[in-house]
Amino acid sequence: MVRRPGAHHAAVCLLIPMRRIGRPEEVAELVAFLASDRVSFCTGAVYDISGGRATY
């Protein structure tokens, strides 16, 4: 199902510093990196993939 951006989508994008919703491919890239041997020495980290809209 393809959803067309509407008023809610536009309002949410205004709250994100990068002014857009993240794409599934961007999340997949991070997951692939974390599952790879390239990060074998990492013992823990927090990766914020919110486009800068961290509200904690």
Peer 1: For Arg19, enumerate each residue passing the salt bridge (Lys or Arg N to Asp or Glu O under 4.0 Å) test, keeping only those at least two apart in sequence or located in another chain.
Peer 2: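 Salt bridge (Lys or Arg N to Asp or Glu O under 4.0 Å) check on Arg19 returns nothing, list empty.
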Peer 1: Would you name the heavy atoms of Pro17 and Gly51 that are closest together and state the gap between them?
Peer 2: CD-O, 3.5 Å
Peer 1: Look up atom CD1 in Ile49 and atom CD in Glu29, then write down how far apart they are to the nearest 0.5 Å.
Peer 2: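 Going from CD1 on Ile49 over to CD on Glu29, the span is 9.5 Å.
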Peer 1: Taking only residues two or more places apart in sequence, or in another chain, which ones meet Glu26 in a salt bridge (Lys or Arg N to Asp or Glu O under 4.0 Å)?
Peer 2: Arg20, Arg23
Peer 1: I'd like to check Ile21 versus Cys13 (side-chain heavy atoms, cut-off strictly below 4.5 Å). Are they in contact?
Peer 2: yes
Peer 1: Got a second to check how far Ile16's CD1 is from Arg53's CZ, nearest 0.5 Å?
Peer 2: 6.5 Å
Peer 1: If you group Ile, Leu, Val, Met, Phe, Trp and Tyr whenever their side-chain heavy atoms sit less than 4.5 Å apart, what else falls in with Leu14?
Peer 2: none
Peer 1: Please give me the minimum heavy-atom distance between Val39 and Phe33, naming the atom from each residue.
Peer 2: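 Taking every non-hydrogen atom into account, CG1-O, 3.3 Å.
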